[in-house]
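The structure appears right after this line, and notes come after that.
The analysis underlying the following values was restricted to heavy atoms, covering all of them including side chains, and did not include hydrogens, waters or symmetry mates.
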Amino acid sequence: MMDHFYALIMAGGGGTRLWPLSRKSRPKQVLPLTEERTMIQITVERLYDLLTPDRIFIVSGPDLAAALHENVPALPAENFIVEPEPRNSGPAAGLGTFVIGRRDPNAVIAVLSADHHISREGDFLESLRTAEHFAQQGHIVTLGIKPSYAATGFGYIKRGERLGEFGAMEAYRSESFHEKPDAATAEAFIQSGLYSWNAGMFIWRADKAIAEFERQQPEMAKGLHLISDNKVDGQFDKVWASFPVKSIDYQIMENASDVAVIPVDMGWSDVGTWGTLFEVLTKNSDGNATRSNGAEHIQIDTHHTLVVSDRLVVTIGVDDLVIVDTDDVLLVCHRDRAQDVRNIVQQLREQGKDDYC
C-alpha cells in the first residue's frame with residue numbers, strides 16, 4: 001500500500017537556456033515543448049496512475065503559481081506551495097518537505113522536476129514504486145539515469161553494494177556524488193559501468209529528510225519549522241531570505257546518510273537546452289525537427305536543424321542550426337552552442353533590457 005506516498009514537483013526554474021521562447025513571465029514549465037501539452041501538464045498527468053491529485057504538490061515562485069494552477073486545475077489550490085523568491089533547489093525542496101511532513105508525518109515524498117521528458121513512463125512509475133519501498137526502510141533514494149554517452153553537463157552517482165530488489169528493479173548503496181566532470185573523467189565513469197547520471201529526483205521519508213536538514217542545515221531547519229508550523233508572524237519573506245542559495249545536492253544529498261540509488265533506463269532528458277529538446281523531438285528524413293502552431297516550414301538542403309516558429313520559415317543549405325522565432329526575438333545559433341544561450345540572457349539583464357528576459 002502507498003497510502004502515504006506524495007509527489008513534490010519543483011517548478012521554480014527560469015529555463016533561461018531555452019530563451020527566447022522561455023521567459024521569466026512564461027518559463028518552460030508552462031510551454032508545450034515536446035508535444036501539445038505543457039511540460040507541467042505532462043509531469044503531473046504521468047503521475048495519475050500512481051497518485052491522486054490531492055497527493056501531488058507543486059512548489060514555485062509567486063509569479064508562476066497562478067499559471068501553473070491554470071495548467072493543472074485538478075490539483076487543490078492548497079497544494080501549490082509558494083516560495084517568496086528563488087533560492088535554488090535546496091530551500092525549495094526543504095519547504096515542500098516540511099509542509100507535506102506537517103500534514104502527514106508518515107509521508108514518503110518523491111521530489112521531482114516540472115520539466116523533464118520521460119519517454120518510457122511505465123519504467124518511471126515502476127522506479128517510483130521501488131524507491132518508495134526502499135525509502136520506507138529508511139533510505140534516501142535517488143533515481144540514477146543509465147548514461148547514453150559521456151556527458152559533461154550532468155552530475156554522476158557511483159553505486160556500491162547491492163541492497164536488494166523490488167519488482168524488476170534493484171537498489172544499490174550510493175557511494176558518492178560527483179559534480180559535472182571533464183570529458184576524460186566522464187568517459188572513465190562510463191567505462192566503469194558503476195555510474196549513473198544524477199537527474200535530481202529524490203525519494204525520502206519526510207521524517208528522514210527533516211532529520212537530515214536538522215543535522216546538516218540546523219539554522220535553515222529552524223526556519224522551515226517556523227514556516228511549516230505557521231509561526232513566522234508575518235516574517236516569511238525575511239526568514240526565507242536568510243536561507244543559503246544552494247542546490248539540494250550541496251545542502252543535503254552529498255553528505256546524507258543511508259543514500260540508495262536505483263539505476264533506471266526510462267528515456268530521460270532534462271530538456272534543458274535547445275540541443276536536448278532537438279534530441280527528443282521526432283525528426284524528418286533529413287534529420288530536422290520543428291515546433292510550430294500549424295505553420296509551414298520549407299527546408300531545402302537543410303539537415304539536423306531545429307526550427308521553432310509560428311510563421312513560415314525557409315532554410316536553404318544549412319546544417320546543425322537552432323532557429324527560434326518569437327514575436328520580438330530571432331535566435332540563430334549552432335546546435336553545439338545551445339548551452340551559451342543563457343549567457344545572452346545574462347548580458348541582456350546587465351544592459352537593462354529586462355523586457356527581453
Side-chain angles (χ1 to χ4, degrees), residues 1-13 29-30 34-35 37-60 64-65 67-82 89 92-145 166-169 171 199-210 228 248 260 262 264 266-268 270:
M1 297 295 290
M2 302 174 69
D3 294 338
H4 298 281
F5 195 37
Y6 297 80
L8 174 65
I9 298 171
M10 312 281 278
Q29 299 93 303
V30 294
T34 59
E35 56 175 85
R37 294 180 297 166
T38 65
M39 298 302 289
I40 188 64
Q41 288 171 337
I42 296 169
T43 299
V44 168
E45 290 168 12
R46 72 164 62 105
L47 294 169
Y48 283 165
D49 285 342
L50 201 62
L51 297 170
T52 51
D54 61 295
R55 285 195 273 136
I56 300 173
F57 288 72
I58 294 177
V59 59
S60 73
L64 190 54
L68 290 168
H69 196 191
E70 183 179 331
N71 270 253
V72 284
L75 271 58
E78 60 269 23
N79 285 23
F80 289 81
I81 303 169
V82 179
S89 61
L95 176 62
T97 296
F98 275 66
V99 168
I100 295 172
R102 180 73 175 80
R103 299 188 190 186
D104 182 355
N106 297 313
V108 174
I109 305 167
V111 181
L112 309 170
S113 294
D115 46 19
H116 288 178
H117 172 76
I118 297 172
S119 62
R120 292 187 287 280
E121 295 187 353
D123 292 330
F124 168 66
L125 295 178
E126 185 61 28
S127 71
L128 289 183
R129 294 185 183 95
T130 303
E132 192 271 347
H133 170 79
F134 285 97
Q136 289 284 17
Q137 297 179 7
H139 296 287
I140 291 180
V141 184
T142 179
L143 302 184
I145 305 301
F166 182 82
M169 294 191 174
M201 292 185 278
F202 309 112
I203 299 87
W204 52 42
R205 275 196 343 234
D207 60 346
K208 174 74 174 180
I210 289 170
S228 61
I248 191 64
I262 298 172
V264 58
M266 56 187 178
W268 173 89
D270 69 343

When every non-hydrogen atom of Arg120 is compared with those of Gly267, the smallest separation belongs to NH2-N, 3.1 Å

Is there a donor-acceptor pair under 3.5 Å between the side chain of Ser228 and the backbone N or O of Val99? no

| request: Say whether, by atom type as modelled, one donor and one acceptor occur between the side chain of Gln29 and the main chain of Ala114 under 3.5 angstrom. | output: no

Taken in chain and number order and not counting sequence neighbours, the residues that satisfy salt bridge (charged side-chain N to carboxylate O under 4.0 Å, His left out) with Arg129 are Glu126

ring-ring contact (aromatic ring centres under 6.0 Å, His included) filter on His69, not counting sequence neighbours, yields Phe80

Residues at least two apart in sequence or cross-chain that pass side chain to side chain contact (heavy atoms under 4.5 Å, CB included) with Gln137, listed by chain then number, are His133, Phe134, His139

Note: Lys208 and Gly138 closest approach over all heavy atoms is CE-O, 3.3 Å

Those residues at least two apart in sequence (or on a different chain) that pass side chain to side chain contact (heavy atoms under 4.5 Å, CB included) with Ala65 are Ser60, Val82

For Met266 and Asp123 the tightest heavy-atom approach is CB-CB, 4.1 Å

Taken to the nearest 0.5 Å, the spacing of Trp268 CH2 from Ser113 OG works out to 8.5 Å

Listing, residues 46-53 side-chain donor-acceptor contacts under 3.5 Å, not counting sequence neighbours, or none:
| from | atom 1 | to | atom 2 | distance (Å) |
| --- | --- | --- | --- | --- |
| Arg46 | NH2 | His116 | O | 3.2 |
| Thr52 | OG1 | Asp54 | OD1 | 2.6 |

(message) Just so I know, are the side chains of Val108 and Ile203 near enough to count as touching, which here means a heavy-atom distance under 4.5 Å?
(response) yes

Shortest non-hydrogen pair, Leu8 vs Gly96, comes out as CD2-CA, 3.6 Å

Nearest heavy-atom contact between Asn79 and Ile56 is ND2-O, 3.0 Å

Between Thr43 and Asp115 the two heavy atoms that sit nearest each other are OG1-N, 4.1 Å

With sequence neighbours left out, the residues meeting salt bridge (charged side-chain N to carboxylate O under 4.0 Å, His left out) with Arg102 are Asp229

